[in-house]
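The first residue of the sequence shown is numbered 1, and numbering continues consecutively from there. No experiment lies behind these values; they were computed from the predicted model shown.
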Amino acid sequence: MCGYKISQELEQYGFQGIPKGTIYPLLLNMEKKGLITGKMRPSSDGPKRKYYRISEKGLGEKKIFVSEWQSLANSVDQLIKKDK
């Protein structure tokens with residue numbers, strides 16, 4: 001998916017108002033860390049665009065993040081239920 005399409009997808013998940021200029025530095029950083037790979041491809045909308053794909057390393061990092069997020073969410077849920 002290209003950076004512009006990624007920003008559109010994020011908006012569909014409730015992340016409105018993220019400046020487009022924020023997405024590209026994050027993608028570049030993730031690419032430098034080997035979490036994603038980028039490849040220039042022709043675009044039907046004009047000049048070539050860079051399309052990104054998650055790497056094996058990125059999939060591993062995603063798995064760790066999701067596990068940590070679920071643990072945090074569980075702790076927050078317990079805290080909220082305790083206060084009721």
Side-chain angles (χ1 to χ4, degrees):
M1 199 179 294
C2 68
Y4 179 73
K5 181 70 174 162
I6 291 170
S7 69
Q8 288 179 321
E9 288 284 322
L10 288 171
E11 286 180 6
Q12 290 182 7
Y13 287 96
F15 293 95
Q16 289 86 9
I18 296 176
K20 304 298 184 256
T22 302
I23 301 284
Y24 294 101
L26 291 172
L27 290 171
L28 180 61
N29 190 332
M30 291 172 69
E31 189 175 16
K32 285 181 180 179
K33 292 179 179 179
L35 302 174
I36 60 175
T37 58
K39 186 175 182 180
M40 295 299 288
R41 294 187 189 163
S43 170
S44 60
D45 298 331
K48 288 184 176 183
R49 292 185 181 192
K50 196 168 197 177
Y51 288 82
Y52 298 92
R53 173 169 286 193
I54 192 165
S55 66
E56 288 296 320
K57 182 179 179 181
L59 289 171
E61 290 294 320
K62 177 184 172 189
K63 185 176 181 180
I64 292 167
F65 174 82
V66 169
S67 176
E68 291 174 353
W69 182 264
Q70 288 172 337
S71 178
L72 175 64
N74 185 43
S75 296
V76 171
D77 286 343
Q78 288 178 21
L79 182 63
I80 291 170
K81 289 176 184 175
K82 183 179 177 184
D83 287 342
K84 285 187 176 182

Original post:
When you measure from the side chain of S55 to the backbone N and O of L35, does any donor-acceptor pair fall under 3.5 Å?
Top reply: yes
Interatomic spacing from [atom1] in [X] to [atom2] in [Y] - rounded to 0.5 Å:
X: L72; Y: S75; atom1: CG; atom2: OG; answer: 6.5 Å
X: Y52; Y: K39; atom1: OH; atom2: NZ; answer: 14.5 Å
X: I18; Y: I23; atom1: CD1; atom2: CD1; answer: 5.0 Å
X: R49; Y: M1; atom1: CZ; atom2: CE; answer: 13.0 Å
X: L59; Y: I36; atom1: CG; atom2: CD1; answer: 12.0 Å
X: L27; Y: T22; atom1: CG; atom2: OG1; answer: 11.0 Å

Subject >> salt bridge (Lys or Arg N to Asp or Glu O under 4.0 Å) pairs, two or more places apart, involving residues 50-75 >> reply: E31-K50
Original post:
Applying the 4.5 Å side-chain criterion to the ILVMFWY set and letting contacts propagate, would I80 and W69 be lumped into a single cluster?
Top reply: yes
Original post:
Are Y24 and F15 connected, step by step, through hydrophobic side chains (Ile, Leu, Val, Met, Phe, Trp, Tyr) whose heavy atoms are closer than 4.5 Å?
Top reply: yes
**OP:** Could you name each residue pair satisfying side chain to side chain donor-acceptor pair (under 3.5 Å) that touches residues 5-17, not counting sequence neighbours?
**Re:** Y4-Q8, E11-K20
Subject >> Non-hydrogen atoms of P25 and G21 that approach each other most closely >> reply: CD-O, 2.8 Å
